[in-house]
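Remarks on the structure that follows.
Lettering follows sequence order; numbering is per chain, from 1. What you see is a predicted model; the values in this text were computed from it and never measured. Values reported hereafter were calculated over all heavy atoms of this structure, with side chains retained and with hydrogens, waters and symmetry mates removed.
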Number of protein chains: 2
Amino acid sequence: MGLDVHLEISRARPGRSLEEALRAAVVEGRLAPGTRLPATRALASDLGLSRTTVAAVFAQLTAEGWFTARVGAGTWVAERQAAARPGTVASVRRPGVRVDLRAGIPDTTGFPRREWLAAVRRAAGSPAADLGYPDPAGTPRLRAALAAYVARTRGVVVPPGGLVVGHGFGDLLLLACRALHDRGARRVAVEEFGLASHRALVASAGLEVVALRVDQDGAVVDVLDDEVDAVLLTPAHQFPTGVPLAPDRRRAVVAWAQRTGGTILEDDYDGEFRYDRRAVGALQSLDPGHVVYLGTASKALAPAVGLAWAAPPDDLLGDLLAQRELSGGQPSGLQQLALAAFLEDHAYDRNVRRLRAVYRARRALLEEVVAAELPGCEVGGLPAGLHGVLRLPAEAGVDAEEAITRAAAARGVLVETLSAFRAPGPADPASAIVVGYGGATPGQYERALVVLVESVRAVLTG
Amino acid sequence: MGLDVHLEISRARPGRSLEEALRAAVVEGRLAPGTRLPATRALASDLGLSRTTVAAVFAQLTAEGWFTARVGAGTWVAERQAAARPGTVASVRRPGVRVDLRAGIPDTTGFPRREWLAAVRRAAGSPAADLGYPDPAGTPRLRAALAAYVARTRGVVVPPGGLVVGHGFGDLLLLACRALHDRGARRVAVEEFGLASHRALVASAGLEVVALRVDQDGAVVDVLDDEVDAVLLTPAHQFPTGVPLAPDRRRAVVAWAQRTGGTILEDDYDGEFRYDRRAVGALQSLDPGHVVYLGTASKALAPAVGLAWAAPPDDLLGDLLAQRELSGGQPSGLQQLALAAFLEDHAYDRNVRRLRAVYRARRALLEEVVAAELPGCEVGGLPAGLHGVLRLPAEAGVDAEEAITRAAAARGVLVETLSAFRAPGPADPASAIVVGYGGATPGQYERALVVLVESVRAVLTG
C-alpha cells in the first residue's frame, strides 16, 4: 500500500497536493475501496511531510467520505458512496450519518418552491429566441437583475454589461485564473485556510499557489509584493476561520493591487449573512479596476440552482469571455431566465431574509451551548455565514481535533477539523472544530450539538 | 492594420488558427469595431496562406457576426452585437437580418412550455437533499432516465452509472480531451469539415488537431494509424456535409481503435433526426470500450436547456470525473432533475417527434425548390438533421459561395458557405451553401428560400 501511495504521489501533477493525488487515486479507482491506508506517522516519514499535514489530508478525505476511519483502528478507502464536489465538501450519505454539520452546506429544506416555479413559468414565457444558445457572458435579463442586486446588497460597482454569469464560484474562479495566466500571471496568493479544491483550481490554470497567513484580522496582506500577481480572498468572512478582513488591510491590499498591477479575487460566498450588524460591503467597491468580485446563488438560494456571477475589471472582461469560449459551455439559458425573474420579483431577497433568521438562531444556539457546556472553548469568528469555529483550549492540540471529529462521526454527526482546511505547511498551534449549521434539518441540529459537546468533553477530559 | 493582424497571429496559442486568433482579437477588443481588414488576397500572401483559407476564415467570422462585409467594398470588424458561442455559430441579431438559415440552430418556437413546467414542478418537489450540490457525474435520476433513452433511441450500451452529464457537447468534449491528454494522448484527428470552435476546444486541451478528409462515404478513416490517439467523428450525419459514415468505415474505425488502443469521440448531435428511414444506431454500440458517445438536448429540445451527456468507456469514466472536479462546476441540479422528469414522462420523445415532422417538411421543401428552380445545383447529404448542403455547379468556385452568402445577407437572409466549416488547408474543388432550416420561424422559411434562390441565380448567371 505504501508503494501505491508513492505511485499516486509520483502521478501528482504540478501544484497537485497529496490530498488531490489521493482523492484522484480513489476517484479513478487506483486505490480500491477497502484498501487500508498506512498510519499517518509512517506515511509522513515516508514522504518527508509533517504528520500534521498528512493527518489533515486524511481528515479532509475522511470528512469528504473518500476514507473511513475507526477510532484506534486506522483508516481505509471508503466503499464508494458519492463523489466529492468542486467548491466544497461532498454531501455524502453514509449509513449511520444522521446529521451533516460540515461547513458550506446551506439549508435547502425551506427552498421556496412556489416562488421558484412562478419564476420558471415567467422564464419559459420568454421569446423563442431566448431559448437558443445564451450569450456567453450570461443572458442580458439576468445580468441586469444581478447588477441591481449586487449594487443594492453588496455595494458592488458594475454595469449589467460588465457581469459574467457562470456555473458556480469554481467555474468563474477558473476562467479568471486562466485569463490572468494568459496575461502572464504566474503566482497567486491564497489564504492558508480555505478549500483544497479552490487551491487545486488555481493550480490547474498553471498558476503557482502560495499560502497567505491568516490571523485575527484576516489575511496578512502586508506581505504581498510584486512577485505575486493575484490574491484570492474572502474579505467579508474568512473561510473557515470566520474573521473579517480588517479595514486597514482592505486598504492595504487595494494599495498593493494599484502599486503592482495585481488582481484581487474576492470570494463573497456568504456576504448576505451577517447577524450582528449590516454586512461590510464588497471590497470591489474600493477599486473596481483591480478586483474580480465573485458571488453565488449556492448559499443564499440553493446549490442546485447552479449559477454564480463575476464582476471583473473592465480590461479583464474580454479575456474572461475568451476563456468562456474555450470552456465548452455556458449555464442553461432557461435557468438564467428563471433566476432573473426570481430576482426581479424580490423573491431572492425574501429567501435571504428567511435564511438569515434561520442561521442567526442556529449560530446563537451554538454560542450559548459552547459557553454553557464547554468551559475553555469558545466560538470564534463573526456571527455570520453558515458555520462557526469551535476553538479548543490551546493545550488540546491537533490530535484532539481529529479525535473529536472521529468520536462525533462514530455517533452519526459529521464535523470537520480546522486543520482540514489548512494549506500544507508548518503545524498550527491553535486547534478547532468547524461547525456548519446550514445543512442540518430543523430538529436534527439541537441533537447534533449535544453529540458534539459530549464528543469534545470525552476527548478533552479523556 | 496588416501589422495588427500579424500581431494577433503572433499571439496565437499552439493549435490556434488564424480564425481563432482573429476572433479572440475582436472579443478582447484588440481589433476595434470599424477597423477595416486587408483584402483576403493581400493578407493571404502576407501570411503565406492560401487565399481560400483566408477567405473561409473571413466568411466564418462574418457569419458569426464579428466581421461585416459589403459586396465589392471590403470587410470590417463589426460593431459589437453578440459574442460567438462555443459549439456552434452565434445567434446574432443584426439589424436587417430577418431570417437566420445558419446550421445548428434548432426551432425553439414550439418549445413545449407546459410540459417543461410540469417537469420542473416535479423536480422542485424533490427531497431537500437533491437541492444541494449535485453529483459531479450528474444526478442519479437523470442518468437513469438518459441511459434508458439513449439505449432505446440510439442503441447506446451504457449503465446509468456509466453516464456523465455536462453543460453541453463542448463541455464534455473538453473533459474527454483533457482526460485523454493526461493519459498521454497527443494527436486527435478531426473531420476536415466541422466547427472551428470544436477544433479550438481539442487544441485547448493541449492536443494536436490533424484534419481527416471527408468524402461521400464520410470521414476517410482508413488513413488513421498509431500516430493518432483519438478521432472526433459525426458518424450518423457528418457535419455539415450531411453524409453518414459508410458501414465498412464504421467497422474500419472500430478496428483501428482496437488495434491501436485509440479512442473514438462520437458526436451524435442530431441522431434523432432522420427522415427517410430509421436512423443508424450509435457507433458506440459496436465497441463501448473504445467509443466516447456524446449526445445533447440542444437540438432535440432547446439549447437553453444547457444539458448534454457522455457515455465513455469504463476505464475513462474516472478520468472524466477527475477532470470535472478540475472544471469548477457541474450543471444545475434543478435543471437536471427537470430534464429527468421530462424524459420519464416521455415528453422528450413527443418533442422529438414534433420537431422531426417540422424539419422533415422543411427539408423536403428545400429539395423541391432547388430541383425546380436551380438547375445544376442539388441538395447533398442525407434527408436528416437541421440543415442541408446546397451544392453549386463544379465550375462555380469558392468565390461564388462567398458572393451568394453576401448577396443573401444583403437581403436579410443569413446562410454560410461550406468552406466556412473547412479546416485550413488546400482548397476544396466542390463549393456549396449550407442551409440551416432549424432556426427560421414558420412563414419566414419559405420567403428566405426565395431570397436564397434569387441570390444563387444572380451570382451563377451574373
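Across every non-hydrogen atom of B:L201 and A:E325, the tightest pair is CD2-O, 4.0 Å. The two residues B:L326 and A:L174 make their nearest non-hydrogen contact at O-CD2, 3.2 Å. Counting all heavy atoms, side chain and backbone alike, A:Y133 lies closest to B:S298 at OH-CB, 3.5 Å. B:R113 and A:P127 get closest at one heavy-atom pair: NH2-C, 4.3 Å.
Each of A:L317, A:T108, A:D107, A:L175 has some count of heavy-atom pairs under 4.5 Å with chain B, and the biggest count is that of A:T108. Taking B:S332, B:P106, B:A302 one by one and counting their heavy-atom pairs under 4.5 Å with chain A, the maximum is reached by B:S332. The candidate with the highest count of non-hydrogen atom pairs below 4.5 Å against chain B, out of A:G125, A:G168, A:A124, is A:A124.
When the shell of 6.0 Å around CZ of A:R114 is examined, it contains 12 or fewer heavy atoms from other residues, nucleotides or ligands. Other residues, nucleotides and ligands contribute over 12 non-hydrogen atoms within 6.0 Å of the CG atom of B:D315. Within a 6.0 Å radius of CZ in B:R354, other residues, nucleotides and ligands contribute more than 12 heavy atoms.
Contacts of B:R178 with chain A are made by side-chain atoms alone, with heavy-atom separations under 4.5 Å and no backbone atom involved. For B:S126, the part sitting under 4.5 Å from any heavy atom of chain A is the backbone (N, CA, C, O) and nothing else.
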side-chain contact (heavy atoms from CB on, under 4.5 Å) between A:V120 and B:L117: does it pass, once the steps are laid out? CA-CA 7 Å; A:V120 173; B:L117 280 172; 3.6 Å; yes
Decide yes or no on side-chain contact (heavy atoms from CB on, under 4.5 Å) for A:W116 and B:L131, but give the supporting numbers first. CA-CA 13 Å; A:W116 180 255; B:L131 303 180; over 6 Å; no
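A:R121 CZ to B:R121 CZ: the interatomic distance, rounded to the nearest 0.5 Å, is 6.0 Å.
Proximity to chain A among residues 303-310 of chain B is limited to B:P303, B:A304, B:V305, B:G306, judged by heavy-atom separations below 4.5 angstrom.
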